[in-house]
Visitor: 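Would you mind keeping the following structure in view while I ask a few things?
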Amino acid sequence: MKTIRTVPDLRAALNGPRRAGRSIGLVPTMGALHEGHLSLIRRARAQCDQVVVTLFVNPTQFNDHQDLAAYPRDEARDAALAAEAGADVLFVPSPAEVYPRGFATTVTVDEISAPLEGAQRGPAHFAGVATVVTKLLNMAQPDVAFFGQKDAQQVAVIRRAVRDLDIPVRIEVGETIREPDGLALSSRNVRLPAADRHRALALRRGLDAVRACHAAGERDATILAAIGRAAMAELAVEPEYLELVDPDTFTEIHSVGDEPVLVAVAARVGDVRLIDNDILDAGR
Ligand code: PAF
C-alpha cells in the first residue's frame, strides 16, 4: 500500500489504472479505523481493482473545537489496518492540501441537512461533510464510494449532493457493525469511560424497544418514539433526539405505513456523543 499526500500524486497514481479500465473504489474516513471502516475497505476490495482509503480529519465538519482536538489520530496504526484490509492507496492530505489559501466554495444540501444531526451540530456540519466528500470524489474520481449506515443522514446528504451535482459515482452503504452486546462501533467509543460503557447501550435499547413495539402493531410515531425514550431512560440516558423519519428526505413521519422508516437516535453518554439508527420496514 502506498501513502500519498497530495492531489497531483493521487491523480498520477490513479491515472494508469483508470486508463487501463480498472475500477476505483474510494473509502473516505477520518481515521481511527475500526471494524466498521475495515468492513467497507474489504467490500471495496471485493468489488474494485484499486482501493483508495482517505484519512483526513475534516475540521470544517466539527462544530465543537474540543471534539476536533480530542479526535483520535494515529496514522501508523490506521495505515497498518487499511493495508491489511486490502487498500492499495492511503490518501492522507494536509488541511492546506484540502483547503488551500483563499478556499471559498461550500456545498450545502438544503432540507435534508437541517433536522436531527443538522439541528444538533449546526448548519456547518453537513456543509463541511458535503464539501469535503465532493472534493474527495473529485480528487480520486472513483467508480464507487463506500459509506457506513450508522451515519444515515450523512449518507442521505451525500447521495443528494451526488445526484444534484451529477457526480459520476455509485454510492454503496455498508451495514452498521456492532459490538457483541449491540453497541454500534464508533471512533468515539474509545473515549467512553468504563462506568459509561454499559449506559452507551441505551441507544440500541431504545431502537430495539421501538422495533418490538412496531412489531406488536403500533404505528403511531409519537407513541413509538416515547417507547424508545422510556427504554433509554432505564439506563439514565436522555436522547438529544429519537425520531422516526423518511430515510431519503429526513422529513418527520407521523404514522408508519408500508414504506421503510428510519428511527434515528443521538445521545450524550457522559462526555461522548453517540448516534445510531434502525430501519422499520414492513417487509422485515
Ligand atoms: O464519516 C466520516 O468519517 C466523515 O464524515 C467523512 C465521510 C470521511 C467526511 O469527512
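Side chains included, hydrogens not; waters and symmetry mates left out as well; all remaining heavy atoms used. Start at 1 and go down the list; that is how both ligands and their atoms are numbered.
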Visitor: When you compare the side chains of Thr108 and Thr106, does any donor N or O come within less than 3.5 Å of an acceptor on the partner?
Guide: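 No, no side-chain donor-acceptor pair sits under 3.5 Å.
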
Visitor: Which ligand 1 atoms, with their elements, are less than 4.0 angstrom from a heavy-atom of Val132?
Guide: 9 (C), 10 (O)

Visitor: Quick check on contacts: which atoms of ligand 1 are under 4.0 angstrom from a heavy atom of Pro28?
Guide: 8 (C)

Visitor: I want to know if ligand 1 touches Asn58 in the polar sense, i.e. an N/O pair below 3.5 angstrom.
Guide: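 Asn58 vs ligand 1: no N/O contact under 3.5 Å.
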
Visitor: Suppose we screen for salt bridge (charged side-chain N to carboxylate O under 4.0 Å, His left out). Which residues come up paired with Asp196, at least two apart in sequence or across chains?
Guide: Arg199

Visitor: With no hydrogens and no angle check, do the side chains of Gln154 and Glu117 hold a donor and an acceptor under 3.5 Å apart?
Guide: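 No, no side-chain donor-acceptor pair sits under 3.5 Å.
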
Visitor: What are the atoms of ligand 1, with element, lying closer than 4.0 Å to any heavy atom of Gln61?
Guide: 4 (C), 5 (O), 9 (C), 10 (O)

Visitor: By number and element, which atoms of ligand 1 are closer than 4.0 Å to a non-hydrogen atom of Met30?
Guide: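 In order of number, 3 (O), 4 (C), 8 (C), 10 (O).
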
Visitor: Test of understanding: given a 4.0 Å heavy-atom threshold, classify the contact between Thr29 and ligand 1 as side chain, backbone, both, or neither.
Guide: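 Just the backbone.
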
Visitor: Can you name the residues that form a salt bridge (charged side-chain N to carboxylate O under 4.0 Å, His left out) with Arg163, not counting sequence neighbours?
Guide: none

Visitor: Linking I/L/V/M/F/W/Y whenever any side-chain heavy atoms sit under 4.5 Å apart, do Met1 and Leu14 land together?
Guide: no

Visitor: Gln154 heavy atoms, cut-off 4.0 Å: which ligand 1 atoms fall inside?
Guide: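 Taking each heavy atom of Gln154 in turn, ligand 1 has 1 (O), 2 (C), 4 (C), 5 (O), 7 (C) under 4.0 Å.
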
Visitor: For the residue pair Leu274 and Ala200, what are the closest heavy atoms and their distance?
Guide: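 Here Leu274 and Ala200 meet closest at CD1-CB, 3.7 Å.
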
